[in-house]
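To start, the structure itself, in structure tokens.
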Amino acid sequence: MTTLTVVEAGALSTVQDFGRPGQAALGIGRSGACDRGAHRLANALVGNHPTLATIEVTLGGLALQTDEDVVVATTGARCPGVPHLAPFTLSAGETLRLGFPPAGLRTYLAVRGGVDVEPVLGSRASDILSGLGPPPLEAGATLPVGTSPRPEPGVDVAPVPEPSGDRLLVQVTPGPRRDWFDDAAWDLLTSQVYEVDSQSNRVGVRLTGDPLPRLREGELVSEGMVRGAIQIPPSGLPVLFLADHPVTGGYPVIAYVDDLDVDRCAQLRPGQEIRFTTTAVR
């Protein structure tokens, strides 16, 4: 069996696929790749089925080797040191090393055949909130590589937009607890420029700015949460839920970000700016 050996894991590198959908009623979150589009593209570039597992790398730093020649590709945040958005062969014994990306946060590394670790509850995704799935990668870890019956796509390079460090403009729609906030608070949400807090992670993007005041005080019965929900905790500062968000939450959800746009938000890095708008952005 072909294997990958982790030489250096970087700040956070995890195995990811499309997660565990449809099990929230059992208290099991979906998890999976934060930037699903980048995960899907990485698999496509090496001829994998989109559901096969890739490696999600946060701010580069991953180094690995293989014991046999393998075809790999990276997508998402561009890391120096390797080709990007293009399949290439990693030779046996050669070290692949991802540098620090100048923009974007998460890079996806696909290997032809997929990362074939043992599934947990139908998924190979690592959920950092619940602890389900394989643990984050560490130096010395060995990852089995599967096989793919699909032909290689023969693509030289995928001409797709890449994450940038520019201010991100994202459309929002009102959430189920919009009425917990007056129009002034809504206008503040959709007009001010927020900055991404360094406490952000796979659970959510935490934002800093002027707090949003509530119309209502007191507790809210916990209710189901989805990716893209913007929850307002007592601090008044929004938290935008990502892949490892909790299944339920007790703070009001003022708005939602469209699922496709959550991929772009997943590439925000600490210190980067974001502004919400009610106007379509495309």
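Each residue takes its place number in the sequence, starting with 1. Predicted model, so just to flag it, every value in this text is computed and none were measured.
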(message) So, taking the atom named CZ in R36 and the one named CG in D17, what distance separates them when rounded to the nearest 0.5 Å?
(response) 10.5 Å
(request) Considering non-hydrogen atoms only, spot the tightest contact between T74 and P83 and give its length. (result) OG1-O, 3.1 Å
(message) Under a 3.5 Å distance rule, please check whether Q272 uses its side chain to pair with a backbone N or O of S164 as donor and acceptor.
(response) yes
(message) Does either side chain, that of D197 or that of T208, offer a donor lying less than 3.5 Å from an acceptor on the other one?
(response) no
(message) I'd like to know if R30 pairs up with D127 as an ion pair, taking the criterion as any Lys NZ or Arg NE/NH1/NH2 lying under 4.0 Å from an Asp or Glu carboxylate oxygen.
(response) no
(request) For R178 and I254, indicate whether the former's side chain and the latter's backbone hold a donor-acceptor pair under 3.5 Å. (result) no
(message) I'd like to know if the side chain of D187 and the backbone of T190 have a donor-acceptor N/O pair within less than 3.5 Å.
(response) no
(message) Tell me if a side-chain donor or acceptor on Q267 pairs with a main-chain N or O of L105 at a distance below 3.5 Å.
(response) yes
(message) Determine whether a donor-acceptor pair (N or O, by modelled atom type, separation under 3.5 Å) exists between the side chain of R264 and the backbone of V170.
(response) no
(request) Working to the nearest 0.5 Å, report the span between OG1 of T95 and CD of E8. (result) 9.0 Å
(message) Would you say that L64 contacts T5 through its side chain, given a criterion of any heavy-atom pair below 4.5 Å between the two side chains?
(response) no
(request) Work out which heavy atom in P136 is nearest to a heavy atom in L12; give both atom names and the distance. (result) CB-CD1, 3.9 Å
(request) Measure the shortest side-chain to side-chain distance between F18 and P50 over non-hydrogen atoms and say whether it is less than 4.5 angstrom. (result) yes
(message) Please report the interatomic distance OH(Y194) to CZ(R275), rounded to the nearest 0.5 Å.
(response) 11.5 Å
(request) Please name all residues satisfying side-chain contact (heavy atoms from CB on, under 4.5 Å) with A38, sequence neighbours left out, ordered by chain then number. (result) D35, T75, Y108
(request) Answer yes or no: is there a donor N or O on one side and an acceptor on the other, between the side chain of R20 and the main chain of G32, under 3.5 Å? (result) no
(request) Calculate, to the nearest 0.5 Å, the distance between atoms CD and CG belonging to E195 and L237 respectively. (result) 12.0 Å
(message) Quick one, S126 and Q16 - any side-chain contact, counting heavy atoms below 4.5 Å?
(response) yes
(message) Is it the case that the side chain of E56 and the backbone of R106 share a donor-acceptor pair, with hydrogens and angles ignored and the cut-off at 3.5 Å?
(response) no
(message) Ignoring hydrogens and geometry beyond distance, is a side-chain donor-acceptor pair present between T3 and D67 at under 3.5 Å?
(response) yes
(message) Taking the basic N atoms (NZ, or NE/NH1/NH2) and the acidic carboxylate oxygens, is any pair closer than 4.0 Å for D69 and R112?
(response) no
(request) Measure the shortest side-chain to side-chain distance between I55 and V115 over non-hydrogen atoms and say whether it is less than 4.5 angstrom. (result) yes
(message) Using side chain to side chain contact (heavy atoms under 4.5 Å, CB included), reason through L207 and V196 one step at a time and then give a plain yes or no.
(response) CA-CA 5 Å; L207 303 175; V196 177; 4.1 Å; yes
(request) May I ask you to decide if A33's main-chain N or O and H39's side chain share a donor-acceptor pair within less than 3.5 Å? (result) no
(request) Examine distances only and state if a side-chain atom of T66 and a backbone atom of E68 form a donor-acceptor pair shorter than 3.5 Å. (result) yes
(message) Working note: L220 + R177, criterion side chain to side chain contact (heavy atoms under 4.5 Å, CB included); need CA distance, chi angles, decisive distance, verdict.
(response) CA-CA 10 Å; L220 174 68; R177 302 301 172 188; 3.8 Å; yes
(message) Could you check whether any side-chain N or O of T107 sits under 3.5 Å from a backbone N or O of A77, counting only pairs where one atom can act as donor and the other as acceptor?
(response) yes
(message) Do D244 and S31 pair up side chain to side chain, a donor and an acceptor below 3.5 Å, judged on atom types alone?
(response) yes
(message) In the structure I gave you, are the side-chain heavy atoms of L109 and L62 within less than 4.5 Å of one another anywhere?
(response) yes
(request) State the OH-CZ distance between Y256 and F241, to the nearest 0.5 angstrom. (result) 10.0 Å
(request) Count the heavy atoms belonging to other residues, nucleotides or ligands that lie under 6.0 Å from OH of Y251, then report whether that count exceeds 12. (result) no
(message) Any non-hydrogen side-chain atom of R97 less than 4.5 Å from a side-chain atom of Q65?
(response) no
(message) Side chains of L98 and L96, heavy atoms from C-beta outward: is any pair under 4.5 Å?
(response) yes
(request) Kindly indicate whether the side chain of V46, heavy atoms from C-beta on, has any atom under 4.5 Å from the side chain of E152. (result) no
(request) Calculate, to the nearest 0.5 Å, the distance between atoms CG and OG1 belonging to N48 and T147 respectively. (result) 9.5 Å
